[in-house]
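Here is the naming used below: chain letters follow the sequence lines, and residue numbers restart at 1 for every chain.
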Amino acid sequence: MKADTQQEQDSIRVRFAPSPTGHLHVGGARTALYNWLYARKTGGKFILRIEDTDARRSTRDSYEGILRGMSWLGLDWDEGPDKGGDYGPYVQSARGVLYHADAQKLIDEGKAYRCFCNPEELEAKKEEARLNKLDPVYDRACRDLEPGEIERRLAAGEPHVIRFRMPLEGEVRFDDIVRGRFTFSNADLDDFVLIKSDGRPTYNFAVVVDDTRMRISHVIRGDDHISNTPRQVHIYLALGYRLPKFAHLPMILGGDRTRLSKRHGAVSIDHYAEKSYLPDAMINYLALLGWSLDGKREFFERQALIENFSLKRVSKNPAVFDNDKMEHINAEHLKKMPLIRKTILAYHTLESAGCIPADFSVDLSKPVDLKLIGGTEPVEDTAAEGEKIFNEREFRRLAMILNVYGNRIKLLKDLPSMLRYLYKDDFPRDEHACHTWLKEERARERIRLLADGLEELKYFDVATVEEALRSLADRLEIDAGELIHPCRVALTGQSVSPDIFWIIVFLGRAKSVERLRAAAAPRG
RNA sequence: GGCCCCUUAGUCUAGUGGUUAGGACGCUUGGUUCUCAGCCAAGAAUCAGGGGUUCGACUCCCCUAGGGGCUACCA
């Protein structure tokens with residue numbers, strides 16, 4: 001109860017035990033994360049176990065999807081179905097003998113019994129009970145069958161389940177790290193099923209057998225399992241097994257405060273991966289859903305999360321998943337990401353969208369030279385005819401572009417459409433913006449003058465370009481904005497962009513002049 | 001219906017008997033500026049309700065209400 005001894009520290013073993021009946025969703029990921037954080041923090045082991053006792057709903061796709069999701073989040077496990085370990089197998093469908101051995105033990109000791117009632121009858125009875133406003137619980141019809149009758153029906157091959165013989169009186173209690181002590185009255189518990197008629201264990205039974213055999217020290221799971229825990233405690237006790245420590249996590253809800261589900265839209269981790277959220281940001285946000293360090297600090301790198309996580313600071317209240325906050329955390333992580341790393345990620349994104357020119361291929365298997373990105377010196381005119389573009393130079397150009405774009409980038413996925421005009425001529429154009437800024441002949445005339453001015457510049461760096469544009473505006477006796485806005489539309493097709501002088505330099509002299517002239521061409 | 005859990009702004013939370021109830025997202029306003037984003041500054045907004053206990057309750061107890069979970073041969 002007090003501080004764990006060193007020996008106990010060493011034997012901390014936690015697990016994430018999803019059932020492969022769907023994608024890894026936000027709630028499951030959060031549960032996995034807390035288990036993982038606890039293991040990594042304490043130096044314990046994190047085990048992945050697949051609970052596929054529901055043969056009908058379990059699929060291979062789900063199994064793979066869950067592993068993929070975990071890997072994307074960077075939640076690595078020490079033992080699991082694909083890795084093995086000393087306490088396998090790690091898939092429940094392969095552990096049948098273990099469940100049967102313990103079930104038989106309970107039957108032998110009179111703590112469980114075979115029940116031959118068929119599901120239809122039971123359902124009918126329950127329905128009737130409901131109509132009479134009685135508790136729709138199993139009526140324990142088979143609790144005290146004569147041994148002879150059991151033998152006979154068994155021999156006849158009658159399908160049956162094995163049920164737990166719940167004590168009629170008394171109570172169970174257990175402690176929860178986040179909730180404190182629970183006491184449940186046995187009278188409120190029924191003779192629940194341990195082994196189904198298809199021979200597979202039910203969740204409540206399998207989880208006890210497995211957590212015990214896998215030496216799980218802390219059961220960290222969603223609080224939708226609180227009501228199941230007294231049943232499980234009964235099984236632990238009946239089998240003479242030692243109780244693990246429990247920590248029940250608050251649920252994650254949707255905007256309508258009901259349990260998060262597909263109805264609420266984006267609940268699959270895959271969705272966030274596809275949308276190019278950063279795994280570290282996802283983990284950071286998920287950690288905040290039900291846990292806080294001091295209510296002030298919210299940005300955590302992965303390692304900081306591990307160092308600061310504590311089950312004792314897990315909240316009791318359910319939390320509503322807030323996409324705005326998720327996006328904000330993602331933006332924070334993007335903001336703090338080293339430029340080189342961001343550039344590499346951006347490169348991949350642009351490449352798969354077909355934006356990057358074919359001859360741009362930085363060898364990312366080798367460390368990238370920091371000097372490539374350092375400094376703010378101007379990028380030379382890269383569009384010179386027939387000039388070979390060196391990889392490193394393009395890489396640096398991309399890095400500088402990202403640097404200038406700064407916080408405007410919310411998701412890497414937005415990059416291709418955002419930056420297309422820098423790589424291709426068929427970039428999207430905002431009709432309304434073109435109309436607003438390039439409709440008047442007078443405006444186009446100014447743009448032509450700007451093009452002329454740029455063409456004559458001796459140097460083509462940001463300062464020189466800016467100076468040229470501003471002095472032209474002075475000569476024309478107009479605000480610089482009168483030049484800048486139409487120029488922006490002409491070069492990027494949009495009415496918003498980062499610093500226009502940088503854009504001009506990134507595009508290069510030839511391309512800039514070409515686009516300005518095209519946009520300013522006199523109209524019939 | 002029964003059992004169990006939860007309740008601080010729209011959302012995530014800090015808070016453990018005495019605080020101007022703190023932070024964050026979002027929102028509003030102003031500043032910076034070539035637009036946008038950002039950044040800076042300011043602002044609106046909260047202890048579900050009712051009883052107790054106490055000199056004093058957001059903090060402790062009870063009730064009510066609301067929400068959630070379990071009540072499966074789902075997990």
Side-chain angles (χ1 to χ4, degrees), chain A residues 17-21 51-54 56-58 92 115 117-119 122-123 126 129-130 132-138 159-163 176 179 182-185 187-190 192-204 206-207 221-231 248 250-251 253 255-259 285 288-299 313 315-329 331 335 405-410 433 466 469-470 473 479-485 487-489 492 494-501:
Chain A
S19 60
T21 54
E51 310 218 322
D52 59 346
T53 57
D54 186 339
R56 266 212 336 277
R57 297 198 303 146
S58 298
Q92 288 185 329
C115 164
C117 298
N118 74 58
L122 255 28
E123 198 41 57
K126 275 183 195 168
R130 269 191 284 266
N132 295 326
K133 301 224 190 258
L134 294 169
D135 287 354
V137 292
Y138 175 58
H160 67 281
V161 300
I162 296 176
R163 286 182 183 274
D176 186 286
R179 312 276 179 149
F182 282 97
T183 304
F184 284 82
S185 169
D188 294 325
L189 270 17
D190 62 346
F192 60 97
V193 173
L194 262 22
I195 301 285
K196 308 180 215 173
S197 58
D198 67 357
R200 291 186 183 240
T202 56
Y203 161 74
N204 279 312
V207 80
R221 70 213 330 180
D223 71 14
D224 47 338
H225 287 294
I226 287 179
S227 305
N228 283 142
T229 309
R231 292 172 236 277
H248 286 98
M251 299 269 83
L253 310 177
D256 57 0
R257 303 209 72 93
T258 63
R259 185 202 216 126
Y285 180 60
L288 259 21
L289 242 33
W291 170 85
S292 72
L293 179 62
D294 53 14
K296 288 199 164 51
R297 180 172 173 192
E298 295 194 318
F299 181 87
R313 289 201 59 85
S315 157
K316 297 198 225 316
N317 330 356
V320 172
F321 189 92
D322 180 5
N323 234 315
D324 284 341
K325 186 83 176 229
M326 169 74 230
E327 273 171 27
H328 174 257
I329 298 279
K335 196 187 295 180
Y405 264 78
N407 301 322
R408 267 163 274 244
I409 303 162
K410 302 288 186 204
E466 176 162 9
L469 185 146
R470 289 194 189 281
D479 285 341
E482 294 290 314
L483 237 29
I484 287 171
H485 295 301
C487 175
R488 169 174 288 119
V489 174
T492 72
Q494 305 299 125
S495 58
V496 301
S497 84
D499 188 307
I500 192 64
F501 308 110

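- The CG-P distance, from Asn317(A) to U13(B), rounds to 6 Å in whole Å.
- Distance from the side chain of Asp188(A) is smallest for G2(B) among the nucleotides C34(B), C73(B), G2(B).
- Taking atom P in both A24(B) and A14(B), one finds a spacing of 15 Å when rounded to whole Å.
- Taking atom P in both U16(B) and C34(B), one finds a spacing of 49 Å when rounded to whole Å.
- Of the C1' atoms belonging to G43(B) and A48(B), the separation is 26 Å, rounded to the nearest Å.
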Generate the contact string for nucleotides 60-67 of chain B. Rules: B means base contact, S means sugar-phosphate contact only, - means no protein heavy atom under 4.0 Å.
-------S

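- To the nearest whole angstrom, the two C1' atoms, one in U8(B) and one in G23(B), are 13 Å apart.
- Among the heavy atoms of the strands, none lies under 4.0 Å from His248(A).
- Paired with His248(A) under the rule side-chain hydrogen bond (donor to acceptor under 3.5 Å, both in side chains), one option of Lys316(A), Arg221(A), Arg179(A) passes, and it is Arg221(A).
- Thr21(A) and Ser58(A) get closest at one heavy-atom pair: CG2-N, 4.0 Å.
- Not counting sequence neighbours, the partners of Phe192(A) by the ring pair (Phe, Tyr, Trp, His ring centres under 6.0 Å) test are Phe164(A).
- Within 3.5 Å, no donor on the side chain of Lys296(A) pairs with an acceptor on the base of A24(B), nor the reverse.
- Taking both residues in full, the closest heavy atoms of Asp223(A) and Pro250(A) are given as OD2-CA, 3.5 Å, listed atom of the first, atom of the second, then distance.
- Out of C34(B), C73(B), A75(B), the shortest distance to the side chain of Glu51(A) is found at A75(B).
- Remark: the separation of the P atoms in G18(B) and A57(B) is 11 Å, to the nearest Å.
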Output, in order, the C-alpha distance, side-chain angles, deciding distance and verdict of side chain to side chain contact (heavy atoms under 4.5 Å, CB included) for Phe182(A) and Thr229(A).
CA-CA 10 Å; Phe182(A) 282 97; Thr229(A) 309; over 6 Å; no

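- Residues forming a side-chain hydrogen bond (donor to acceptor under 3.5 Å, both in side chains) with Lys325(A) (at least two apart in sequence, or on another chain): Glu298(A).
- Ser497(A) comes within 4.0 angstrom of a base, heavy atoms only.
- Nearest nucleotide to the Ser19(A) side chain, out of A37(B), A75(B), A14(B): A75(B).
- In the set G69(B), U71(B), U13(B), the nucleotide with an atom closest to the side chain of Asp224(A) is G69(B).
- In this structure, the CG atom of Asp499(A) is 8 Å from the C1' atom of C34(B), given to the nearest Å.
- For Val161(A), taking side-chain heavy atoms from C-beta onward, the closest of the listed nucleotides U13(B), C73(B), C34(B) is C73(B).
- Put simply, CD1 on Ile484(A) is 13 Å from C1' on C36(B), counting in whole angstrom units.
- With hydrogens and angles disregarded, a donor-acceptor distance shorter than 3.5 Å links the side chain of Thr202(A) to the backbone of Val193(A).
- Comparing atom distances between the Asp54(A) side chain and each of C12(B), A75(B), C34(B) picks out A75(B) as nearest.
- With both ends at atom C1', the span from A21(B) to C5(B) equals 26 Å, rounded to whole Å.
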So which protein nitrogen or oxygen atoms get under 3.5 Å of nucleotides 39-44 of chain B's nitrogens or oxygens?
from	atom 1	to	atom 2	distance (Å)
C39(B)	OP1	Lys335(A)	NZ	3.1

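- When distances run from any side-chain atom of Ile226(A) to the nucleotides C4(B), G69(B), U13(B), the shortest one goes to C4(B).
- When all heavy atoms of Arg488(A) and Pro498(A) are compared, the pair lying nearest together is NH2-O, 3.6 Å.
- For Ser227(A), taking side-chain heavy atoms from C-beta onward, the closest of the listed nucleotides C70(B), C12(B), A37(B) is C70(B).
- Qualifying salt bridge (charged side-chain N to carboxylate O under 4.0 Å, His left out) partners for Arg57(A), counting only residues two or more places apart in sequence or in other chains: Asp54(A).
- Checking side-chain atoms of Tyr285(A) against main-chain N and O of Asp322(A) turns up a donor-acceptor pair under 3.5 Å.
- Nearest nucleotide to the side chain of His485(A), out of A75(B), C34(B), A72(B): C34(B).
- Look at the P atom in both G2(B) and C63(B): the space between them is 15 Å, to the nearest Å.
- Of the nucleotides present, C40(B) is the one that pairs with G30(B) by Watson-Crick or G-U wobble criteria, both distances under 3.5 Å.
- Distances from the side chain of Glu298(A) to the nucleotides C34(B), G23(B), C70(B) place G23(B) closest.
- C47(B) and U54(B) are spaced 26 Å apart, taking the P atom of each and rounding to whole Å.
- Here Asp190(A) pairs with Arg231(A) under the salt bridge (charged side-chain N to carboxylate O under 4.0 Å, His left out) rule; sequence neighbours left out.
- Pairing of G1(B), defined by two Watson-Crick or G-U wobble distances under 3.5 Å, is identified with U71(B).
- In this structure, A24(B) and U11(B) make a Watson-Crick or G-U wobble pair, each of the two defining distances being under 3.5 angstrom.
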